[in-house]
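First the structure, in the form of C-alpha coordinates, and then the observations on it.
A note on names: the letters A, B, ... follow the listed sequences, proteins ahead of strands, and every chain is numbered from 1.
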Amino acid sequence: MLDPAFVRDHQDEVKRGLKSRGLDADGELESLATLENRRRRLIPELEGLKREQNAAGDEVARAKRQGKDASGIFEANRQRAQQIRQLSIELDQVEQQRSGLLMSLPNLPHASVPIGKSAADNQVVRSWGEPRQFDFEPQAHSDLGPALGILDFERATKMSGARFSVLLGAGARMSRALIDFMLDLHTREHGYTEVAPPFLVNRASLEGTGQLPKFEADLFKIAGDWDLFLIPTAEVPLTNLHRAEIVDGDTLPLKYVAYTPCFRSEAGSYGADVRGLIRQHQFDKVELVKITRPEDSYDELEKLTLNAEEVLKRLGLPFQTVVLSTGDMGPTMAKTYDLEVWLPSQKKYREISSCSNAEGFQARRASIKFKTAGTGKAEFAHTMNGSGLAVGRTLVAILENYQQKDGSVVVPEALRPYMGGMEVIGQ
RNA sequence: GGAGAGAUGGCCGAGCGGUUUAAGGCGGUGGUCUUGAAAACCACUGAACCGGGAACGGUUCCGGGGGUUCGAAUCCCUCUCUCUCCGCCA
(Lines give C-alpha, C1' and ligand atoms only; values in the text may rest on other atoms or scores of the structure.)
Protein backbone atom coordinates (compact mmCIF):
# COMPACT_ATOMS: atom_id res chain seq x y z
CA MET A 1 0.00 0.00 0.00
CA LEU A 2 1.20 3.48 -0.84
CA ASP A 3 1.38 6.10 1.89
CA PRO A 4 -2.06 7.79 1.84
CA ALA A 5 -0.62 11.14 2.89
CA PHE A 6 1.97 10.94 0.11
CA VAL A 7 -0.67 10.10 -2.49
CA ARG A 8 -2.78 13.01 -1.28
CA ASP A 9 0.06 15.53 -1.42
CA HIS A 10 1.96 14.29 -4.49
CA GLN A 11 -0.77 13.50 -7.04
CA ASP A 12 1.39 14.23 -10.10
CA GLU A 13 4.34 12.22 -8.92
CA VAL A 14 2.09 9.26 -8.18
CA LYS A 15 0.41 9.52 -11.59
CA ARG A 16 3.78 9.60 -13.30
CA GLY A 17 5.08 6.64 -11.31
CA LEU A 18 2.06 4.50 -12.10
CA LYS A 19 2.15 5.48 -15.77
CA SER A 20 5.76 4.29 -15.96
CA ARG A 21 4.39 0.86 -15.09
CA GLY A 22 1.95 1.16 -17.94
CA LEU A 23 -0.96 1.85 -15.62
CA ASP A 24 -3.31 4.78 -16.13
CA ALA A 25 -4.82 5.27 -12.68
CA ASP A 26 -5.88 8.90 -13.07
CA GLY A 27 -9.53 7.97 -12.49
CA GLU A 28 -8.74 6.00 -9.33
CA LEU A 29 -6.60 8.81 -8.01
CA GLU A 30 -9.38 11.33 -8.56
CA SER A 31 -11.90 9.15 -6.72
CA LEU A 32 -9.34 8.73 -3.99
CA ALA A 33 -8.92 12.50 -3.63
CA THR A 34 -12.69 12.93 -3.38
CA LEU A 35 -12.94 10.23 -0.72
CA GLU A 36 -10.03 11.76 1.12
CA ASN A 37 -11.85 15.10 1.30
CA ARG A 38 -15.11 13.55 2.44
CA ARG A 39 -13.27 11.60 5.07
CA ARG A 40 -11.60 14.68 6.43
CA ARG A 41 -14.91 16.50 6.61
CA LEU A 42 -16.69 13.63 8.34
CA ILE A 43 -14.13 12.88 11.01
CA PRO A 44 -14.15 16.26 12.81
CA GLU A 45 -17.94 16.38 12.61
CA LEU A 46 -18.27 12.94 14.12
CA GLU A 47 -15.66 13.60 16.78
CA GLY A 48 -17.44 16.79 17.85
CA LEU A 49 -20.68 14.88 18.36
CA LYS A 50 -18.93 12.18 20.35
CA ARG A 51 -17.40 14.82 22.52
CA GLU A 52 -20.88 16.17 23.26
CA GLN A 53 -22.09 12.66 23.97
CA ASN A 54 -19.30 12.12 26.48
CA ALA A 55 -20.12 15.39 28.22
CA ALA A 56 -23.81 14.46 28.35
CA GLY A 57 -22.89 11.12 29.90
CA ASP A 58 -20.97 12.92 32.66
CA GLU A 59 -23.96 15.15 33.25
CA VAL A 60 -26.27 12.17 33.73
CA ALA A 61 -23.77 10.58 36.11
CA ARG A 62 -23.53 13.74 38.15
CA ALA A 63 -27.32 14.13 38.36
CA LYS A 64 -27.76 10.51 39.41
CA ARG A 65 -25.18 10.87 42.12
CA GLN A 66 -27.13 13.80 43.50
CA GLY A 67 -30.32 11.79 43.25
CA LYS A 68 -31.81 14.06 40.58
CA ASP A 69 -33.79 13.01 37.55
CA ALA A 70 -31.72 13.26 34.36
CA SER A 71 -34.26 11.87 31.91
CA GLY A 72 -34.91 15.43 30.64
CA ILE A 73 -31.80 15.34 28.46
CA PHE A 74 -32.40 11.84 27.18
CA GLU A 75 -34.35 13.02 24.16
CA ALA A 76 -31.52 15.28 22.95
CA ASN A 77 -29.08 12.46 23.63
CA ARG A 78 -31.20 10.05 21.65
CA GLN A 79 -31.20 12.36 18.64
CA ARG A 80 -27.46 12.84 18.83
CA ALA A 81 -26.90 9.10 19.15
CA GLN A 82 -28.93 8.62 15.97
CA GLN A 83 -26.83 11.25 14.19
CA ILE A 84 -23.64 9.56 15.34
CA ARG A 85 -24.87 6.24 14.01
CA GLN A 86 -25.61 7.71 10.60
CA LEU A 87 -22.29 9.54 10.31
CA SER A 88 -20.41 6.42 11.42
CA ILE A 89 -22.01 4.37 8.71
CA GLU A 90 -21.15 7.03 6.15
CA LEU A 91 -17.54 7.28 7.35
CA ASP A 92 -17.27 3.49 7.31
CA GLN A 93 -18.29 3.38 3.68
CA VAL A 94 -15.89 6.15 2.74
CA GLU A 95 -13.00 4.45 4.52
CA GLN A 96 -13.79 1.11 2.96
CA GLN A 97 -13.79 2.56 -0.54
CA ARG A 98 -10.66 4.53 0.23
CA SER A 99 -8.68 1.58 1.53
CA GLY A 100 -9.99 -0.59 -1.31
CA LEU A 101 -8.58 1.87 -3.82
CA LEU A 102 -5.32 2.25 -1.91
CA MET A 103 -4.88 -1.51 -1.68
CA SER A 104 -5.42 -1.89 -5.41
CA LEU A 105 -2.65 0.51 -6.44
CA PRO A 106 0.80 -0.98 -7.14
CA ASN A 107 4.03 0.35 -5.68
CA LEU A 108 5.86 3.30 -7.22
CA PRO A 109 9.13 2.42 -8.97
CA HIS A 110 12.34 3.75 -7.46
CA ALA A 111 14.03 6.56 -9.39
CA SER A 112 16.91 4.25 -10.39
CA VAL A 113 14.63 1.76 -12.16
CA PRO A 114 14.80 1.89 -15.97
CA ILE A 115 11.51 2.86 -17.56
CA GLY A 116 10.25 0.31 -20.03
CA LYS A 117 7.37 -1.76 -21.28
CA SER A 118 8.56 -5.32 -20.72
CA ALA A 119 11.42 -7.68 -19.94
CA ALA A 120 13.04 -6.47 -23.14
CA ASP A 121 13.81 -3.20 -21.35
CA ASN A 122 15.59 -4.80 -18.41
CA GLN A 123 19.25 -3.84 -18.07
CA VAL A 124 22.21 -6.07 -17.30
CA VAL A 125 24.15 -4.53 -14.42
CA ARG A 126 26.92 -7.13 -14.14
CA SER A 127 27.82 -10.64 -15.10
CA TRP A 128 30.06 -13.32 -13.65
CA GLY A 129 31.75 -16.34 -15.18
CA GLU A 130 31.97 -17.45 -18.80
CA PRO A 131 29.48 -19.82 -20.40
CA ARG A 132 31.35 -23.10 -20.91
CA GLN A 133 32.32 -24.14 -24.43
CA PHE A 134 31.13 -27.69 -25.07
CA ASP A 135 32.81 -30.04 -27.51
CA PHE A 136 29.53 -31.93 -27.76
CA GLU A 137 25.89 -30.90 -27.93
CA PRO A 138 24.80 -30.27 -24.33
CA GLN A 139 21.59 -31.98 -23.27
CA ALA A 140 18.66 -30.41 -21.48
CA HIS A 141 18.24 -31.34 -17.81
CA SER A 142 14.86 -32.84 -18.68
CA ASP A 143 16.70 -35.43 -20.80
CA LEU A 144 19.80 -35.79 -18.62
CA GLY A 145 17.93 -36.27 -15.36
CA PRO A 146 15.63 -39.12 -16.40
CA ALA A 147 18.52 -40.83 -18.22
CA LEU A 148 20.54 -40.77 -15.00
CA GLY A 149 17.56 -42.11 -13.08
CA ILE A 150 17.56 -39.12 -10.73
CA LEU A 151 14.54 -37.28 -12.16
CA ASP A 152 11.14 -38.75 -13.02
CA PHE A 153 8.38 -36.67 -14.56
CA GLU A 154 6.10 -39.48 -15.72
CA ARG A 155 5.65 -41.06 -12.31
CA ALA A 156 5.08 -37.59 -10.81
CA THR A 157 2.29 -37.06 -13.33
CA LYS A 158 0.78 -40.40 -12.32
CA MET A 159 0.47 -39.40 -8.66
CA SER A 160 -0.07 -35.63 -8.93
CA GLY A 161 -0.56 -34.51 -12.51
CA ALA A 162 1.33 -32.24 -14.85
CA ARG A 163 4.06 -29.92 -13.60
CA PHE A 164 5.13 -32.03 -10.67
CA SER A 165 8.36 -33.98 -10.44
CA VAL A 166 10.06 -36.73 -8.49
CA LEU A 167 13.72 -36.62 -7.53
CA LEU A 168 15.44 -39.94 -6.91
CA GLY A 169 18.77 -41.09 -5.52
CA ALA A 170 21.56 -38.59 -6.22
CA GLY A 171 18.98 -36.09 -7.49
CA ALA A 172 17.11 -36.02 -4.19
CA ARG A 173 20.44 -36.02 -2.39
CA MET A 174 21.70 -33.05 -4.37
CA SER A 175 18.52 -31.11 -3.73
CA ARG A 176 18.92 -31.66 0.00
CA ALA A 177 22.63 -30.80 -0.24
CA LEU A 178 21.82 -27.53 -2.00
CA ILE A 179 19.37 -26.55 0.72
CA ASP A 180 21.95 -27.30 3.40
CA PHE A 181 24.71 -25.53 1.53
CA MET A 182 22.64 -22.39 1.01
CA LEU A 183 21.37 -22.25 4.59
CA ASP A 184 24.90 -22.70 5.95
CA LEU A 185 26.28 -19.95 3.72
CA HIS A 186 23.59 -17.43 4.65
CA THR A 187 23.53 -18.19 8.37
CA ARG A 188 27.26 -18.64 9.00
CA GLU A 189 28.76 -16.12 6.61
CA HIS A 190 26.00 -13.62 5.82
CA GLY A 191 24.46 -13.31 9.29
CA TYR A 192 20.88 -14.39 8.61
CA THR A 193 18.76 -16.14 11.23
CA GLU A 194 17.40 -19.49 10.08
CA VAL A 195 13.63 -19.90 10.33
CA ALA A 196 11.42 -22.94 9.84
CA PRO A 197 7.99 -21.39 9.25
CA PRO A 198 4.53 -22.84 8.59
CA PHE A 199 3.84 -23.80 4.97
CA LEU A 200 0.17 -22.85 5.37
CA VAL A 201 -0.74 -19.23 6.05
CA ASN A 202 -3.92 -17.25 6.56
CA ARG A 203 -5.49 -14.55 4.41
CA ALA A 204 -4.18 -11.63 6.49
CA SER A 205 -0.60 -12.76 5.93
CA LEU A 206 -1.06 -12.92 2.16
CA GLU A 207 -2.68 -9.49 2.17
CA GLY A 208 0.29 -8.19 4.12
CA THR A 209 2.79 -9.21 1.46
CA GLY A 210 0.49 -8.31 -1.44
CA GLN A 211 -0.48 -11.71 -2.94
CA LEU A 212 -4.06 -11.04 -1.91
CA PRO A 213 -6.63 -9.81 -2.76
CA LYS A 214 -5.54 -9.58 -6.41
CA PHE A 215 -3.78 -12.87 -7.09
CA GLU A 216 -5.85 -15.52 -5.37
CA ALA A 217 -6.00 -17.50 -8.61
CA ASP A 218 -2.25 -18.15 -8.40
CA LEU A 219 -2.50 -19.75 -4.98
CA PHE A 220 -3.45 -23.20 -3.75
CA LYS A 221 -6.17 -22.93 -1.13
CA ILE A 222 -6.91 -25.60 1.43
CA ALA A 223 -10.29 -27.28 0.99
CA GLY A 224 -12.88 -27.45 3.76
CA ASP A 225 -13.61 -25.06 6.55
CA TRP A 226 -10.19 -23.42 6.50
CA ASP A 227 -9.13 -20.02 5.24
CA LEU A 228 -5.58 -21.23 4.66
CA PHE A 229 -3.31 -21.22 1.63
CA LEU A 230 -0.12 -23.07 0.73
CA ILE A 231 2.70 -20.53 0.69
CA PRO A 232 3.82 -19.42 -2.79
CA THR A 233 7.15 -18.34 -1.28
CA ALA A 234 8.75 -18.12 2.16
CA GLU A 235 8.63 -14.35 1.69
CA VAL A 236 5.09 -14.59 3.06
CA PRO A 237 5.75 -16.23 6.45
CA LEU A 238 9.12 -14.48 6.93
CA THR A 239 7.81 -10.97 6.26
CA ASN A 240 4.76 -11.72 8.40
CA LEU A 241 6.91 -12.72 11.38
CA HIS A 242 6.59 -9.10 12.49
CA ARG A 243 3.12 -8.26 11.17
CA ALA A 244 1.23 -5.89 13.51
CA GLU A 245 4.36 -5.34 15.57
CA ILE A 246 6.49 -2.39 16.55
CA VAL A 247 10.02 -3.77 16.68
CA ASP A 248 12.94 -2.28 18.58
CA GLY A 249 14.81 -0.04 16.14
CA ASP A 250 18.15 -1.16 17.60
CA THR A 251 17.57 -4.68 16.28
CA LEU A 252 17.38 -3.55 12.65
CA PRO A 253 18.11 -4.76 10.10
CA LEU A 254 16.37 -8.06 10.82
CA LYS A 255 17.70 -10.76 8.50
CA TYR A 256 15.93 -14.08 8.03
CA VAL A 257 16.55 -17.09 5.85
CA ALA A 258 14.25 -20.06 5.41
CA TYR A 259 14.05 -23.16 3.32
CA THR A 260 10.49 -23.98 2.32
CA PRO A 261 8.65 -25.68 -0.48
CA CYS A 262 6.65 -23.20 -2.56
CA PHE A 263 3.29 -23.85 -4.19
CA ARG A 264 1.94 -21.95 -7.19
CA SER A 265 -1.05 -22.79 -9.32
CA GLU A 266 -0.28 -20.28 -12.12
CA ALA A 267 -2.69 -21.44 -14.80
CA GLY A 268 -1.56 -21.51 -18.41
CA SER A 269 1.21 -22.96 -20.52
CA TYR A 270 4.74 -21.68 -20.92
CA GLY A 271 6.11 -23.68 -23.84
CA ALA A 272 9.25 -25.67 -23.19
CA ASP A 273 9.36 -24.76 -19.49
CA VAL A 274 6.41 -27.02 -18.76
CA ARG A 275 8.49 -30.08 -19.64
CA GLY A 276 11.33 -29.73 -17.16
CA LEU A 277 11.89 -28.54 -13.61
CA ILE A 278 11.78 -24.85 -14.53
CA ARG A 279 8.14 -24.19 -13.84
CA GLN A 280 6.44 -26.46 -11.32
CA HIS A 281 3.41 -26.31 -9.04
CA GLN A 282 5.72 -27.24 -6.18
CA PHE A 283 9.37 -26.30 -5.85
CA ASP A 284 11.96 -25.79 -3.14
CA LYS A 285 13.48 -22.42 -2.39
CA VAL A 286 15.79 -20.83 0.14
CA GLU A 287 14.52 -17.32 0.74
CA LEU A 288 16.12 -14.23 2.25
CA VAL A 289 14.06 -11.51 3.92
CA LYS A 290 15.19 -8.29 5.56
CA ILE A 291 13.33 -5.68 7.57
CA THR A 292 15.28 -2.43 7.61
CA ARG A 293 15.18 1.27 8.38
CA PRO A 294 13.94 3.25 5.37
CA GLU A 295 17.24 5.08 4.95
CA ASP A 296 19.19 1.81 4.81
CA SER A 297 16.96 -0.21 2.54
CA TYR A 298 18.73 0.34 -0.79
CA ASP A 299 22.12 -0.47 0.74
CA GLU A 300 20.62 -3.58 2.23
CA LEU A 301 19.06 -4.56 -1.11
CA GLU A 302 22.50 -4.41 -2.74
CA LYS A 303 23.95 -6.59 0.01
CA LEU A 304 21.09 -9.06 -0.18
CA THR A 305 21.56 -9.35 -3.95
CA LEU A 306 25.28 -10.01 -3.46
CA ASN A 307 24.42 -12.66 -0.84
CA ALA A 308 22.30 -14.46 -3.43
CA GLU A 309 24.99 -14.07 -6.11
CA GLU A 310 27.52 -15.67 -3.78
CA VAL A 311 25.65 -18.98 -3.99
CA LEU A 312 26.11 -19.05 -7.77
CA LYS A 313 29.76 -18.07 -7.50
CA ARG A 314 30.55 -20.85 -5.04
CA LEU A 315 28.80 -23.34 -7.27
CA GLY A 316 30.73 -22.05 -10.29
CA LEU A 317 27.61 -21.21 -12.27
CA PRO A 318 27.88 -18.33 -14.79
CA PHE A 319 25.20 -15.70 -14.29
CA GLN A 320 24.20 -12.14 -14.96
CA THR A 321 22.37 -9.68 -12.76
CA VAL A 322 19.70 -7.54 -14.36
CA VAL A 323 17.63 -4.69 -13.01
CA LEU A 324 14.01 -5.08 -14.05
CA SER A 325 12.34 -2.27 -15.95
CA THR A 326 9.17 -0.61 -14.72
CA GLY A 327 7.14 -2.76 -17.11
CA ASP A 328 8.48 -6.10 -15.83
CA MET A 329 8.47 -5.50 -12.06
CA GLY A 330 6.00 -7.13 -9.70
CA PRO A 331 3.30 -4.78 -8.41
CA THR A 332 4.45 -4.73 -4.77
CA MET A 333 8.06 -3.87 -5.54
CA ALA A 334 9.89 -0.57 -5.99
CA LYS A 335 13.05 -2.14 -7.40
CA THR A 336 13.97 -5.67 -8.44
CA TYR A 337 17.19 -7.38 -9.47
CA ASP A 338 16.91 -10.75 -11.16
CA LEU A 339 19.83 -13.16 -11.13
CA GLU A 340 19.90 -15.16 -14.33
CA VAL A 341 21.94 -18.34 -14.60
CA TRP A 342 23.36 -19.69 -17.85
CA LEU A 343 21.51 -22.72 -19.23
CA PRO A 344 23.57 -24.42 -21.98
CA SER A 345 20.62 -26.31 -23.47
CA GLN A 346 18.70 -23.08 -24.02
CA LYS A 347 21.81 -20.99 -24.72
CA LYS A 348 20.19 -18.35 -22.54
CA TYR A 349 20.39 -16.81 -19.10
CA ARG A 350 17.33 -17.83 -17.09
CA GLU A 351 15.93 -16.38 -13.86
CA ILE A 352 17.08 -18.22 -10.74
CA SER A 353 16.59 -15.49 -8.14
CA SER A 354 14.63 -12.30 -7.75
CA CYS A 355 15.74 -9.72 -5.16
CA SER A 356 13.35 -6.87 -4.47
CA ASN A 357 12.83 -3.90 -2.23
CA ALA A 358 9.18 -3.27 -1.37
CA GLU A 359 10.12 -0.13 0.58
CA GLY A 360 7.16 0.63 2.90
CA PHE A 361 4.56 -0.99 0.63
CA GLN A 362 4.31 -4.30 2.49
CA ALA A 363 5.13 -2.74 5.86
CA ARG A 364 2.06 -0.52 5.61
CA ARG A 365 -0.20 -3.40 4.55
CA ALA A 366 1.18 -5.63 7.28
CA SER A 367 1.76 -2.83 9.81
CA ILE A 368 5.43 -3.54 10.47
CA LYS A 369 6.87 -0.64 12.39
CA PHE A 370 9.97 0.12 14.36
CA LYS A 371 10.75 2.53 17.13
CA THR A 372 14.04 3.48 18.67
CA ALA A 373 13.94 3.92 22.43
CA GLY A 374 13.82 7.53 23.49
CA THR A 375 13.76 8.97 19.99
CA GLY A 376 10.36 9.71 18.61
CA LYS A 377 7.53 7.68 17.28
CA ALA A 378 6.83 4.42 15.58
CA GLU A 379 7.62 4.45 11.87
CA PHE A 380 6.97 1.99 9.06
CA ALA A 381 9.97 -0.18 8.23
CA HIS A 382 11.10 -1.22 4.77
CA THR A 383 10.92 -4.87 3.71
CA MET A 384 12.78 -6.75 1.02
CA ASN A 385 13.28 -10.29 -0.10
CA GLY A 386 15.27 -12.42 -2.49
CA SER A 387 15.69 -16.03 -3.48
CA GLY A 388 18.93 -17.41 -2.30
CA LEU A 389 18.26 -19.49 -4.44
CA ALA A 390 15.49 -21.43 -6.14
CA VAL A 391 16.66 -24.99 -5.46
CA GLY A 392 15.05 -26.73 -8.43
CA ARG A 393 16.47 -24.27 -10.92
CA THR A 394 19.89 -24.51 -9.27
CA LEU A 395 19.72 -28.27 -9.75
CA VAL A 396 18.83 -27.69 -13.39
CA ALA A 397 21.79 -25.33 -13.81
CA ILE A 398 24.21 -27.82 -12.23
CA LEU A 399 23.02 -30.74 -14.34
CA GLU A 400 23.32 -28.74 -17.55
CA ASN A 401 26.54 -26.83 -16.82
CA TYR A 402 28.44 -29.76 -15.27
CA GLN A 403 27.35 -32.48 -17.70
CA GLN A 404 29.92 -34.61 -19.49
CA LYS A 405 29.84 -36.20 -22.92
CA ASP A 406 28.82 -39.60 -21.52
CA GLY A 407 25.79 -38.08 -19.77
CA SER A 408 27.31 -38.11 -16.30
CA VAL A 409 27.40 -34.97 -14.17
CA VAL A 410 30.31 -33.65 -12.10
CA VAL A 411 29.31 -32.51 -8.60
CA PRO A 412 30.47 -28.90 -7.95
CA GLU A 413 33.26 -28.93 -5.40
CA ALA A 414 31.42 -26.73 -2.92
CA LEU A 415 28.63 -29.29 -2.80
CA ARG A 416 30.72 -32.44 -2.31
CA PRO A 417 30.99 -32.16 1.48
CA TYR A 418 27.21 -32.07 1.55
CA MET A 419 26.94 -35.22 -0.59
CA GLY A 420 29.22 -37.54 1.29
CA GLY A 421 32.13 -36.70 -0.98
CA MET A 422 30.36 -37.74 -4.18
CA GLU A 423 32.26 -36.33 -7.19
CA VAL A 424 30.29 -37.54 -10.19
CA ILE A 425 26.70 -38.63 -10.71
CA GLY A 426 26.22 -41.50 -13.13
CA GLN A 427 29.48 -43.37 -13.45
C1' G B 1 -13.04 -34.90 18.68
C1' G B 2 -15.52 -34.08 24.00
C1' A B 3 -15.91 -30.98 28.67
C1' G B 4 -14.61 -26.55 31.12
C1' A B 5 -12.02 -21.68 32.05
C1' G B 6 -10.10 -17.35 30.12
C1' A B 7 -8.29 -12.86 26.78
C1' U B 8 -7.63 -5.55 30.35
C1' G B 9 -1.56 -0.87 28.85
C1' G B 10 5.87 -3.37 27.89
C1' C B 11 4.57 -7.21 32.01
C1' C B 12 1.39 -8.70 36.36
C1' G B 13 -3.37 -7.46 37.93
C1' A B 14 -8.21 -4.81 39.82
C1' G B 15 -12.78 -3.31 37.71
C1' C B 16 -18.71 -6.55 36.31
C1' G B 17 -23.84 -0.18 33.20
C1' G B 18 -22.38 6.51 34.56
C1' U B 19 -16.26 10.56 39.29
C1' U B 20 -12.30 4.91 34.92
C1' U B 21 -9.31 11.14 32.30
C1' A B 22 -8.45 2.16 33.10
C1' A B 23 -6.98 1.39 40.48
C1' G B 24 -2.52 -0.84 42.29
C1' G B 25 2.14 -3.16 41.44
C1' C B 26 6.47 -4.47 38.35
C1' G B 27 9.58 -2.81 34.54
C1' G B 28 11.52 1.56 31.83
C1' U B 29 13.06 6.97 31.42
C1' G B 30 14.29 11.59 33.80
C1' G B 31 15.15 14.04 38.45
C1' U B 32 16.15 14.83 44.00
C1' C B 33 19.51 12.93 47.61
C1' U B 34 24.83 10.63 47.45
C1' U B 35 32.07 11.01 46.69
C1' G B 36 29.86 6.91 43.60
C1' A B 37 26.23 3.16 43.76
C1' A B 38 22.06 1.04 46.18
C1' A B 39 17.78 2.39 48.78
C1' A B 40 14.12 6.05 49.32
C1' C B 41 11.24 9.95 47.26
C1' C B 42 9.14 12.89 42.96
C1' A B 43 7.69 13.18 37.85
C1' C B 44 6.93 10.94 33.26
C1' U B 45 5.76 6.35 30.71
C1' G B 46 1.40 3.12 24.46
C1' A B 47 -0.99 3.19 19.43
C1' A B 48 -4.12 5.17 15.38
C1' C B 49 -6.64 9.17 13.30
C1' C B 50 -8.43 14.56 12.84
C1' G B 51 -7.26 19.91 13.28
C1' G B 52 -2.67 23.03 13.72
C1' G B 53 3.54 25.80 11.12
C1' A B 54 4.39 24.31 15.98
C1' A B 55 3.13 24.36 21.01
C1' C B 56 -1.09 21.93 21.75
C1' G B 57 -6.17 20.32 21.47
C1' G B 58 -9.72 16.47 20.20
C1' U B 59 -11.59 11.45 19.03
C1' U B 60 -10.90 6.26 19.13
C1' C B 61 -8.52 1.74 21.10
C1' C B 62 -9.76 -3.15 27.53
C1' G B 63 -8.61 -10.13 21.70
C1' G B 64 -11.70 -9.13 16.40
C1' G B 65 -16.66 -8.08 14.54
C1' G B 66 -21.86 -7.11 15.48
C1' G B 67 -25.92 -5.82 18.93
C1' U B 68 -28.71 -3.74 23.46
C1' U B 69 -28.59 1.35 25.91
C1' C B 70 -29.20 8.33 26.49
C1' G B 71 -24.40 6.00 28.07
C1' A B 72 -20.58 -0.47 27.48
C1' A B 73 -13.99 -2.79 29.63
C1' U B 74 -18.68 -4.08 32.23
C1' C B 75 -24.89 -6.95 29.36
C1' C B 76 -26.10 -10.11 24.69
C1' C B 77 -24.54 -12.65 19.95
C1' U B 78 -20.53 -14.28 17.01
C1' C B 79 -15.53 -15.26 15.49
C1' U B 80 -10.39 -15.92 16.73
C1' C B 81 -6.79 -17.25 20.10
C1' U B 82 -4.89 -19.16 24.93
C1' C B 83 -5.11 -22.47 29.14
C1' U B 84 -6.90 -27.09 31.97
C1' C B 85 -8.87 -32.11 31.80
C1' C B 86 -10.31 -36.45 28.66
C1' G B 87 -9.73 -38.99 23.92
C1' C B 88 -6.65 -39.63 19.57
C1' C B 89 -1.86 -39.06 17.47
C1' A B 90 3.91 -38.21 14.58
Would you measure the distance from the P atom in U21(B) across to the matching atom in G4(B) and give it in whole Å?
37 Å
I need the CD-P distance between Glu379(A) and A47(B), as an integer number of Å.
13 Å
Working for salt bridge (Lys or Arg N to Asp or Glu O under 4.0 Å), residues Lys221(A) and Asp227(A):
CA-CA 8 Å; Lys221(A) 189 172 191 307; Asp227(A) 205 20; 3.3 Å; yes
Tell me the interatomic distance from Ile246(A), atom CD1, to C11(B), atom P, rounded to whole angstroms.
12 Å
For A22(B), the nucleotide meeting Watson-Crick or G-U wobble distances (both under 3.5 Å) is none
To the nearest angstrom, how far is Asn37(A) atom CG from G51(B) atom P?
10 Å
Of Thr383(A), Thr292(A), Asn357(A), which is the lone residue that meets side chain to side chain donor-acceptor pair (under 3.5 Å) with Ser297(A)?
Asn357(A)
How does protein reach along nucleotides 60-72 of chain B, written 5' to 3' as B (base within reach of a heavy atom under 4.0 Å), S (only sugar-phosphate), or - (no contact)?
S---------BS-
Which value, in whole Å, describes the distance between the P atoms of nucleotides G65(B) and C70(B)?
23 Å
Both distances below 3.5 Å, Watson-Crick or wobble geometry, any strand: find the nucleotide opposite A3(B).
U84(B)
Phe380(A) CZ to A48(B) P, straight-line distance once rounded to whole Å:
8 Å
Heavy atoms under 4.0 Å, any strand shown: does Arg98(A) hit a base, just sugar-phosphate, or nothing?
nothing
Look at atom CZ of Arg155(A) and say whether more than 12 heavy atoms of other residues, nucleotides or ligands are closer to it than 6.0 Å.
no
Between G64(B) and U8(B) - C1' atom distance, rounded Å
15 Å
Between Tyr298(A) and His110(A), does a ring-ring contact (aromatic ring centres under 6.0 Å, His included) hold up when you go through it step by step?
CA-CA 10 Å; Tyr298(A) 280 94; His110(A) 187 254; 3.9 Å; yes
Rounding to a whole Å, what distance do you find between Leu35(A):CG and C49(B):P?
18 Å
Quick one: pull up CD1 in Ile368(A) and OG1 in Thr209(A) and give me the separation to the nearest 0.5 Å.
9.0 Å
On a whole-Å scale, what distance lies between the P atoms belonging to G2(B) and C61(B)?
35 Å
Please name the nucleotide paired to A73(B) by Watson-Crick or G-U wobble geometry with both distances under 3.5 Å, or report none.
none
Under 30°, 30 to 60°, or over 60°: which ring-plane class applies to Phe6(A) and His10(A), parallel, tilted or perpendicular?
parallel
How are the rings of Phe220(A) and His281(A) set relative to one another: parallel (under 30°), tilted (30 to 60°) or perpendicular (over 60°)?
perpendicular
Using the C1' atom in both, what is the distance from C16(B) to G10(B), to the nearest Å?
26 Å
Tell me whether the side-chain N/O atoms of Lys369(A) come closer than 4.0 Å to OP1 or OP2 in A48(B).
yes
Can you tell me the pairing partner of C56(B) across any strand shown, Watson-Crick or G-U wobble, with both distances under 3.5 angstrom?
G51(B)
Please examine the side chains of Gln211(A) and Pro232(A), heavy atoms only from C-beta on, and report whether any two atoms are closer than 4.5 Å.
yes
Given the P atoms of G15(B) and A47(B), what is the spacing between them in whole Å?
29 Å
To the nearest angstrom, how far is Asp250(A) atom CG from G28(B) atom P?
16 Å
Any strand, both distances under 3.5 Å, Watson-Crick or G-U wobble: G27(B) pairs with U45(B)
Start with the C-alpha distance between Glu13(A) and Arg16(A), add both sets of side-chain angles, then the distance that settles salt bridge (Lys or Arg N to Asp or Glu O under 4.0 Å), and finish with yes or no.
CA-CA 5 Å; Glu13(A) 201 176 332; Arg16(A) 236 179 300 128; 5.8 Å; no
For the C1' atoms, the ones on A3(B) and on G17(B), what distance do you get once it is rounded to whole angstrom?
32 Å
Sort out the partner of A37(B) for me: Watson-Crick or G-U wobble, both distances under 3.5 Å, none otherwise.
none
Between C81(B) (P) and Asn202(A) (CG): distance, integer Å:
9 Å
Give me the distance, rounded to whole Å, that separates C33(B) from A23(B) when you measure between the P atoms they each carry.
30 Å
Could you state the CD1-P distance from Ile43(A) to G51(B), rounded to the nearest angstrom?
7 Å
